[in-house]
Structures are given as structure tokens and as C-alpha cells.
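Taking it in order: structure first as C-alpha cells, then the write-up.
In this text, all values refer to a predicted model and were calculated from it rather than measured experimentally.
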Amino acid sequence: MTTLRIYTAEEARQTVLRRRPPADEAPPPAVAGRIREVFGQDLGPAEVVRRIVDAVRREGDAAIRRFTELLDGYRPEALEVSAAEVRAAAEGLEPQLVEGLKLAAERVRAFHQRQVRTGWVDFAAGLGQLIRPLDRVGVYVPGGQGRYPSTVLMTVIPAKVAGVKEVIVCTPPGPDGRVAPVVLAACALAGADRVFRVGGAQAIAAMAFGTESIPAVDKIVGPGGLFVTLAKQALYGQVGIDLLAGPSEALAIADRFADPEVCAADLIAQAEHDPLATSVLVTDSAELARAVQAAVERRLDRLPNAETARASLARRGGIILVEDLEAALELANEFGPEHLELAVRDPWSLLGKVRNCGAVFLGESAPHVAGDYVAGPSHVLPTGGTARWASGLRTEDFYKVISVVAIDRLTLAEVGPAAVAIARAEGFEAHAQSVEIRLKEAPHEAASG
């Protein structure tokens, strides 16, 4: 039995391309068992998050330590990583890794510097906009068993480019209670101001409300697992939220000229993220579909950590056969993937028809993995179909736009009667009178006054 199935478009819509809200996701059996031990009953993820958030709001650091010990098996005493430890983190790393992080940081910084915005004021019209960076931003970086220095670069650097005064990072440490040195080295390179060894829903709640150790922030950004996503959803409004980043997604469109080995490698690379990741190839070539299907099996057999990738490809992976590339693009726009690859002979000819995705990668030399690490744009991208209206993390996510209104009496004489009429139509008499009292003075008297 092959790991990767071949679907028609309609079959795919009902299976691998079917969207599921985050709250509908069931936690893995081990996590469900841990929830039962901690809370004494079977609870859904949303209820677990609600209880953690409420506890952190009431108890602060004490709740963070308690839930970290109960859920993750260690009790952090000092929640903050010392500045000295952050600065020294790169010393024990391989030089090639350090240089790779520096290169990635340079490219991310250069890309986001092109997005810097400035305000404008039209003195004649008395209108304008002030662009102001946020004061303090919280970045969530997944951790625990994994290490994600790339996420540090992709979140902290855009915030710093925008001019955010203080950027704090929350990330769960490993079983030994330490944050991975490579993550701390990335924090130093990116310019993070403070780092805390806290993860999960308790980290999101801490940054939203503030505790004795962790300051409240204006906005929280960064990806996370199910509980982090649900906590961000629950706290939106208490604090700014970038987006609800669910399991990773990649959809590639390939024609008969595509290399099946390259296609297979990309499918597996996406699938090794998470058993819930979506990894799909859409093609109009049945020959390519069969070749990729076989190549995936060969490559999985040689992959040392193939278990996660196999589970992901079996559950949410697939090859979709369509009539032509037009149909492939229609399906891609309907699904709105996080990553869209155009592995076709002339990808630029299709670019104008791309409407819904987080990032698009053109040609076989542009794998979505490059976007994960070194291309330049942030890899924090919309998932779960939100690419229909949302964008990936960018510099402007760290700005506030303040409107400027300075109309004079001559202008008010022109536009004021319209405001009065609209106010009365809406039933707001005091609004109407607020304008009328200013209209009593004749414009020529105000000008000469």
C-alpha cells in the first residue's frame, strides 16, 4: 500500500483539502491522557486553554510555574533567561551554523526594510496619517522538543525594523529547563530585548495580561501548536494578535516537465513538520503523478525520521489529478494554501492568476523550504484558509496608523451641513448640534478673525 494517494479534484475537496477549525482538532492520545491527569477529567482543548488563561490572569507567575510543571514536567524558578546567557549562546555553536543564521538575518532584515512606512500630512486639506511603531511586542517561538531559531529571525527582526521599542520572546525550554543555545543565539542576532523560558497557553496569557516577571505587551506574534492558537484566539481584543497559525500547508502545482524526485522531496519536507501538516501536489500529468508517488516511497524508506512524514502524508497528503493548469490554479485559489509552489516550465505566466496563498514560490529552484529559512519574507504565514483575506507577517504589522484631521472653518462650512444631515438621519441630535454650533460663525468672519 502506498503512503500517498492519488485523488480527483472532487475527492480531494472532501478529504485532504477539507478545512477543519482549530477547536475541532482532537489532541493526540498522550496529550489527552496528560489533560486527564492534570485536571481530573476529560476536557477539550478550548476548555483547557480557558482554565489556564483564567489562572494566569488571577495568579500570575504562580500559575505559570504550576501549569508548566503539571503539563511539561519541569518547574521553572527563574522565568527569564539572563542577558549574559543570551549573549554567550553563539559561542558553542558550529561556525557554519552561526554564519547561516547571520546570512538569514541579513536577508530578512533587508526584505522588511523595504516595507518601512512613513506618515503624510496634506496641510491644504488638513488631513494626514501618523505612523507609529508599537511600544512592546511579544513573540512566541515554539520549543520544547524542537528548536526554531528561524522563527526568532522571522518575527523579531520585522518588529525591530518597524521601530518597536521592546521585543520580548517567550519559548518553552527543553526537558532540562534550558532554552536551546541556537534559539538564544538567534535572539541575540535579531535584537530581542528579553527572553523568557515559558511556553504554551500560559505564555500567551502572561504576555496578554502581564505577570510579576513578564510584562504585558501590545501585540503577540508567532506560530504555535493547538493550545497556543486557541489561547491567541481567546485573548484577541485583550491584546493584539497577528494571525491564528494552524498546522503548516504546502500545495505545489506541477506540469509534465517537473522532476518527480524534486516534487517528492518537497512533499516530504512539508510533511515532516507535523502529522497534521497538509502536503499536496496538483498536476495535469498522470505520468508525473505515478512517478512522484513512487519517488515518495523510495525517499521515505531512506529518511531516518520518516514516522512523522508518513503519518502526515497518509492523513493529509495526496496527489490531485486535474485536466489542466487552469483547473490546478482554480483549486489552489479555492484552498488558499500557506505555501504555493509553481513547479512548471513557465511559472511567471501563472503568477498573475494567483489570488490566495501566504507565499508563492516560482520554479523548481525556489523550494518553500527556502522561505522557511533564508529567502527574506517572514515564514509566519496565514493557514487554515485565512489566506483568502490575511497576509503573512510583515513590517507594517508592528505599526499603528493615527489619522490626522485639521480642517479649518472654511472647509467645515463646506462639509458641515452634510455631517449635520447624516447625524440627524442616524438619530444623533447632539452630534448634529456639535457641528451646527461651529457653523454659526460666518466663514469670512472666521478667516478675518
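Within a 6.0 Å sphere centred on CZ of Arg18, other residues, nucleotides and ligands contribute 12 heavy atoms or fewer. Annotation for Arg66: atom CZ counts as buried by contact number, over 12 foreign heavy atoms lying within 6.0 Å. At most 12 non-hydrogen atoms from other residues, nucleotides or ligands lie less than 6.0 angstrom from CH2 of Trp348. Around atom OH of Tyr236, no more than 12 heavy atoms belonging to other residues, nucleotides or ligands sit under 6.0 Å away. Remark: Glu307 CD is loosely packed, at most 12 non-hydrogen atoms of other residues, nucleotides or ligands lying under 6.0 Å away. Counting heavy-atom neighbours within 6.0 Å of Arg256 CZ, excluding the residue itself, gives a total of 12 or less. For Glu77, the CD atom counts as densely surrounded, since its 6.0 Å shell holds more than 12 non-hydrogen atoms of other residues, nucleotides or ligands.
In this structure, Arg65 and Asp61 have side chains that are in contact, with non-hydrogen atoms separated by less than 4.5 Å. Put simply, the side chain of Leu101 reaches to within 4.5 Å of the side chain of Val182, judged on heavy atoms. Inter-residue side-chain proximity for Val139 and Val152 is flagged as unmet; no heavy-atom pair is nearer than 4.5 Å. Residues Val164 and Asp135 are not in side-chain contact: their nearest non-hydrogen atoms beyond the backbone lie 4.5 Å or more apart. Inter-residue side-chain proximity for Leu321 and Tyr7 is flagged as unmet; no heavy-atom pair is nearer than 4.5 Å. In this structure the side chain of Phe111 reaches within 4.5 angstrom of the side chain of Pro377, judged on heavy atoms. Residues Asn333 and Arg388 fail the side-chain proximity criterion, which asks for heavy atoms closer than 4.5 Å. Considering only heavy atoms from C-beta on, Val228 stays 4.5 Å or farther from Val49 through its side chain.
Here Arg298 does not pair with Asp301 in a salt bridge; the nearest charged N to carboxylate O distance is not below 4.0 Å. Checked for salt-bridge contact, Glu330 and Lys353 miss the test: no charged N lies under 4.0 Å from a carboxylate O. Between Asp218 and Arg136 there is no salt bridge, since no side-chain nitrogen of the basic residue lies less than 4.0 Å from a carboxylate oxygen of the acidic one. Taking 4.0 Å as the cut-off between side-chain N and carboxylate O, Asp193 and Lys160 count as a salt-bridged pair. At a threshold of 4.0 Å, the pair Arg299-Glu297 does not count as salt-bridged, since none of the basic side-chain nitrogens sits closer than that to a carboxylate oxygen. The residues Arg109 and Glu106 are annotated as not salt-bridged, no charged nitrogen and carboxylate oxygen being separated by less than 4.0 angstrom.
Of the possible polar contacts, none joining the Gln202 side chain to the Val53 backbone as a donor-acceptor pair under 3.5 Å is found. Formation of a donor-acceptor pair under 3.5 Å by the Asp242 side chain with backbone atoms of Gly222 is found in this model. Thr278 contributes no side-chain N or O that, together with a main-chain N or O of Glu249, makes up a donor-acceptor pair within less than 3.5 Å. Remark: side-chain polar atoms of His339 are not paired, donor with acceptor, to backbone N or O of Val360 under 3.5 angstrom. Between the side chain of Ser150 and the backbone N or O of Tyr373 there is no donor-acceptor pair closer than 3.5 Å. Between the side chain of Thr283 and the main chain of Asp255, no donor-acceptor pair closer than 3.5 Å is present. With hydrogens and angles disregarded, no donor-acceptor distance shorter than 3.5 Å links the side chain of Thr211 to the backbone of Gly60.
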Determine, stepwise, if the pair Val404 / Ile402 fulfils side chain to side chain contact (heavy atoms under 4.5 Å, CB included). CA-CA 7 Å; Val404 176; Ile402 302 171; 5.5 Å; no

Using side chain to side chain contact (heavy atoms under 4.5 Å, CB included), reason through Val322 and Val282 one step at a time and then give a plain yes or no. CA-CA 7 Å; Val322 293; Val282 185; 3.9 Å; yes

With side chain to side chain contact (heavy atoms under 4.5 Å, CB included) as the criterion, how do Asp372 and His273 come out once you've worked through the C-alpha distance, each side chain's angles and the decisive distance to 0.1 Å? CA-CA 11 Å; Asp372 289 343; His273 270 289; 3.9 Å; yes

Set out, in order, the CA-CA distance, both residues' side-chain angles and the distance that settles side chain to side chain donor-acceptor pair (under 3.5 Å) for Ser312 and Glu272, then state yes or no. CA-CA 7 Å; Ser312 173; Glu272 75 172 343; over 6 Å; no

Tell me, with the steps shown, if Thr229 and Gln233 meet side chain to side chain contact (heavy atoms under 4.5 Å, CB included). CA-CA 6 Å; Thr229 299; Gln233 188 175 40; 5.7 Å; no

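For the atom pair CD1 (Ile204) and CG (Leu235), the distance works out to 8.0 Å, reported to the nearest 0.5 Å. Separation of atoms OH (Tyr140) and OH (Tyr148) is listed at 10.5 Å; rounding is to 0.5 Å. Separating the CD1 atom in Ile157 from the CG atom in Leu393 is a distance of 11.5 Å, to the nearest 0.5 Å. One distance of note links OG of Ser349 with CG of Leu362; it measures 9.0 Å at 0.5 Å rounding. Taken to the nearest 0.5 Å, the CZ atom of Arg107 stands 12.5 Å off from the NE2 atom of His112. One finds the CG atom of Leu153 at 10.5 Å from the CG atom of Leu103 (value rounded to the nearest 0.5 Å).
Results of the side chain to side chain contact (heavy atoms under 4.5 Å, CB included) test with Val292 over Ile6, Asp259, Val262, Leu281 single out Leu281 as the only residue that passes. The one candidate from Arg394, Gln115, Arg117 that meets the side chain to side chain contact (heavy atoms under 4.5 Å, CB included) condition with Tyr399 is Arg117.
Shown here for Leu184 and Val86, the closest heavy-atom pair between the two residues is O-CG1, 3.6 Å. Taking each heavy atom of Lys219 and Leu134 in turn, the nearest pair found is CB-CD1, 3.7 Å. Taking all atoms of both residues into account, the shortest heavy-atom contact from Pro247 to Leu276 is CB-O, 3.4 Å. The shortest heavy-atom contact between Thr68 and Pro76 is CG2-CD, 3.6 Å. Minimum interatomic distance between Gly119 and Ile131 (heavy atoms only, all atoms of both residues): N-CG1, 3.5 Å. In terms of heavy-atom proximity, Ala46 sits nearest to Leu230 at N-CD1, 3.8 Å.
Each salt bridge (charged side-chain N to carboxylate O under 4.0 Å, His left out) pair with one or both residues in residues 194-216, not counting sequence neighbours, appears once here: Glu80-Arg194, Glu85-Arg197.
If you check the side chains of Ser248 and Gln270, you find a donor sitting under 3.5 Å from an acceptor. Under the 3.5 Å distance criterion, with hydrogens and angles disregarded, a donor-acceptor pair is assigned to the side chains of Thr3 and Arg310.
Judged by the 6.0 Å and 45° rule, Arg19 forms a cation-pi pair with Phe335.
Residues forming a side chain to side chain contact (heavy atoms under 4.5 Å, CB included) with Glu10 (at least two apart in sequence, or on another chain): Thr8, Arg13.
Taking the six-membered ring where tryptophan is involved, the planes of His368 and Phe361 are perpendicular, since the angle between them exceeds 60° and thus also 30°.
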